[in-house]
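Quick caveat: nothing in here was measured; it's all calculated off a predicted structure. Chain identifiers are assigned alphabetically (A, B, ...) following the order of the sequence lines, protein sequences preceding nucleic acid strands; residue numbering begins at 1 within each chain.
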Protein chains: 2
Amino acid sequence: MKNYTLLQQHKLKATPQRLAIIELMEYHGHISIDDLYSSIRQIFSSISLATLYKNIHSMMGVNLIREVKVPGQKTHYEIEKERHAHILCTQCGELKDIEFDPQSFIQLVASQSAYKTEEVSVIISGICPKCQKK
Amino acid sequence: MKNYTLLQQHKLKATPQRLAIIELMEYHGHISIDDLYSSIRQIFSSISLATLYKNIHSMMGVNLIREVKVPGQKTHYEIEKERHAHILCTQCGELKDIEFDPQSFIQLVASQSAYKTEEVSVIISGICPKCQKK
DNA sequence: GTATTTGCAAATGATTTGCAGTGCT
DNA sequence: AGCACTGCAAATCATTTGCAAATAC
């Protein structure tokens, strides 16, 4: 019901496909189109990639979903929620969230440039503990 | 001559195409494939997109060039140099560099996670002064 | 001289579009 | 009922690949 309302608040029709997209994104945190497609097909065997793309775009249009572009990786998508940064393991490719409050940044940028800051996207790359052991 | 040496140091053959790519990237700061292609064609009318992609990849392989992925934009490429962040105007699409020292970040991440940090990519979006006036 | 690189054309992969039919409100 | 949404197939756009000829060292 919560997601149903969420869609309505953004003036989007609450179709089962959209509800499933939101649920899967909430569950995964961030997800690529391919993973989203194969997960969602287990519920909606008939859903098409075109529908996924269209829905992701309409939800991006109302800032419900955000695009996460990572160097060397396919685009991921996630629900807009509390601010966080992403950390990517360059060996195994795992992408994780880490806590991050961009407030200090926004202030820094505001003082350095005359921009009106909206968003900060931070992607850190490194080697995760598991891969370091190998 | 400088770029010639630069390529050799990275064990890449110094072809005129590669030299031109480096020069254009140094001049532009960051550039999309399309812009790079049309600029470079003014010098090498015969250069192909395939060659651009191949060269960009070999130079990325030796960390001479970095990929910059920006939400809602095509991939850009730039020479690896002093660390900086990018700021994107969501109205006019202009992408600029701003100064940024990731040192404090790297420390923060190192303490929060067990990652061995290599790189930090920061993309800020907002509205540039010009567009604010409109 | 040899291994690498280039440019072409074709292949692949990702995303978008048009349209007829369906479903939300 | 009416407009937005879906799924399909086809179109477009981005990137990669195979290969013969050219070039760097």
Using whole Å, what does the distance between atom [atom2] of nucleotide [N] and atom [atom1] of [X] come to?
| X | N | atom1 | atom2 | result |
| --- | --- | --- | --- | --- |
| M59(B) | dT5(C) | CE | C1' | 12 Å |
| L12(A) | dC5(D) | CG | C1' | 11 Å |
| Y37(B) | dC13(D) | OH | P | 15 Å |
| H10(B) | dA24(D) | NE2 | C1' | 19 Å |
| F44(A) | dT22(C) | CZ | P | 17 Å |
| K11(B) | dC25(D) | NZ | C1' | 15 Å |
| L19(B) | dA24(D) | CG | P | 10 Å |
| R18(B) | dT4(C) | CZ | C1' | 8 Å |

> What is the nucleic acid contact for S46(A), judged by heavy atoms within less than 4.0 Å: base, sugar-phosphate only, or nothing?
Replying inline: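 Sugar-phosphate, no base atom in range.
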>> Quick one, N55(B) and Q17(B) - any side-chain contact, counting heavy atoms below 4.5 Å?
In response: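 Yes; the side chains approach each other to less than 4.5 Å.
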Does the side chain of [X] get closer than 4.0 angstrom to OP1 or OP2 of [N] through an N or O atom?
| X | N | result |
| --- | --- | --- |
| T15(B) | dT5(C) | no |
| Q8(B) | dC25(D) | yes |
| Q17(A) | dG7(D) | yes |

> Which comes earlier along DNA chain D counting from the 5' end, the contact point of I47(A) or that of K13(B), where each point is its nearest nucleotide?
Replying inline: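 This one resolves to I47(A).
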> What pairs with Q73(A) under side chain to side chain donor-acceptor pair (under 3.5 Å), at least two apart in sequence or on another chain?
Replying inline: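 For Q73(A) there are no side chain to side chain donor-acceptor pair (under 3.5 Å) partners, ignoring immediate neighbours.
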> Is any side-chain N of the basic residue among K2(A) and E26(A) closer than 4.0 Å to the acidic one's carboxylate O?
Replying inline: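 The answer is yes: the pair qualifies as a salt bridge.
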> Between R18(B) and E23(B), is the closest basic N to carboxylate O distance under 4.0 Å?
Replying inline: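 No.
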>> Is it true that H30(A) and D97(A) share a donor-acceptor pair across their side chains at a distance under 3.5 Å?
In response: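 Note: D97(A) and H30(A) side chains meet the donor-acceptor criterion.
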> Side chains of H86(A) and E78(A): do they bring a donor and an acceptor to under 3.5 Å?
Replying inline: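 Yes, because at least one side-chain N or O of H86(A) sits under 3.5 Å from a partner of the opposite role on E78(A).
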> Between dT25(C), dC25(D), dC5(D), which one does the side chain of Y4(B) approach most closely?
Replying inline: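 Looking only at side-chain atoms, Y4(B) lies closest to dC25(D).
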> Choosing from dC24(C), dT5(C), dT6(D), which nucleotide comes nearest the side chain of N55(A)?
Replying inline: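 For N55(A), the side-chain atoms sit closest to dT6(D).
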>> One character per nucleotide, please: for nucleotides 15-20 of chain D, 5' to 3', B when the base has a protein heavy atom closer than 4.0 Å, S when only the sugar-phosphate does, - otherwise.
In response: SBBBB-
> More than 12 non-hydrogen atoms from neighbouring residues, nucleotides or ligands closer than 6.0 Å to CD on E99(B), yes or no?
Replying inline: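 Incorrect, the count does not exceed 12.
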